[in-house]
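This one's a predicted model, so the numbers in the text were calculated from it and none came from an experiment. Read the numbers this way: they start at 1 and go in the same order the structure lists the ligands and their atoms.
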Amino acid sequence: MNQLNLRSYRAPVFGAVLVLVILVIGLVYFSFVPAQENAEFKQWVTKVWPKARAQGVSRKTFDQAFEGVVPDPEVLASANEQPEFVKPVWEYLDTALSEKRITEGRDLLRTYKPTLTRLEKKFGVDRHILVAIWGLESAYGTHMGDLYVIRSLATLAYEGERRKFGFAQLISALKILERGDIPVTHFQGSWAGAMGQTQFIPTTYNAYAVDEDGDGRRNIWTSVPDALASTANYLRASKWQINAPVVIEVKLPVDFNFKHTGLKHARPMAQWVKMGIKDVNGGSLKSSAKSGAVIVPAGANGPAFIAFNNFRSILRYNNAIPYALAVSLLAKRFQGNGKIESDWPLENLPLSPVQSKELQRILSGLGHKVGKIDGMVGSNTIKAIKAYQSSKGLKADGYPGLALLNRLRKG
Ligand SMILES: [Ca+2]
């Protein structure tokens, strides 16, 4: 900038022309490129119409929904974001189970006591779990996302890696508008289309949202009874069992074989007792549940839990073990318990996607079947880790931590 200014003082005419040329090129470029992109997008929108119409969306709703809509670059940026590091489960739980969230939840349990009593009876879902999910999904309705749902989903459906997801959600979102549950002006959510106090995506909304306050609209944005009832309805459909346990912390015997860990390895409680598992204080293991699965969210050197069927129901809401653990423990904290007794292995950090890829590459090089080398640790990679650990006489916990990667790097 400075150089250009200096030059224009020395040769005013030349400088002025140069500036003008740059300006014109810039103007043409910046107006033409988005205009062209927007024209392509508009063209694409015309192809969405017949599919929306086939789902019962009217022309009027469709036109209103897309009025002035252009792709949102920030939505694409969020969709493509690759985290440089992954938050360890203990840090995630610290935030999820903050004193503020616990205190606010207790207050809301009192405020909405009549509603929650009714919902417990109607849907058979425990009140503490409903409020815990509310607290984690949207911080009790204070963090719902303020992006226009149609724009976010149209962006995802139009370009990028999530086109299929985006398209299905977009059509569902148009159906929500058609039904008149929410006006276009208030139709807001996260970049991925998670909406309202329950953070339902449109397909989930259409399947499970409930009009509890009886105004004819399923309003998960500003009606607390609607939001709580919608969550309860979803959990009921996910086979929630009222008054049944969700998860308990346990103490594993020193000779425990970690190949038995993981949600796929559920067993009758009597078998776990026989294998020497105790309650976390070393007493005998008691539970009203018939069966459960041992999980070690931070590997063999961290806390161990037995997760029951209700834990799986929470995973249907959001398929991440730290999330289900946070919901379960927050519900317990409301009632004055749910503190984790064992220490977390603070030095054995979880791997970033790049590190996970490296782990997969090394394991694959050693002849283990890790599945796709994509930095996503799925069941195949966990199986491969367990196989490697067993072959080296290590605890086969399948945990993809830094300790394991460092060992593999040394060869
Ligand atoms: Ca309503």
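- Protein N/O/S atoms closer to the Ca ion (ligand 1) than 3.0 Å number 5 in this structure.
- Listed by chain and number, the residues in a side chain to side chain contact (heavy atoms under 4.5 Å, CB included) with K357 are Q360, R361, I373 (sequence neighbours excluded).
- With sequence neighbours left out, the side chain to side chain contact (heavy atoms under 4.5 Å, CB included) criterion links K87 to E91, Y92, T95.
- Identified under the side chain to side chain donor-acceptor pair (under 3.5 Å) test for residues 43-65, with sequence neighbours left out: Q55-K175, S58-T61, S58-E178, R59-D63, T61-E178.
- Between R179 and D181 a salt bridge is recorded (basic side-chain N to carboxylate O distance below 4.0 Å).
- Under the 3.5 Å distance criterion, the side-chain polar atoms of Q271 are left unmatched by any main-chain donor or acceptor of P268.
- Note: F200 and Y205 fail the aromatic proximity criterion, with ring centroids not under 6.0 Å apart.
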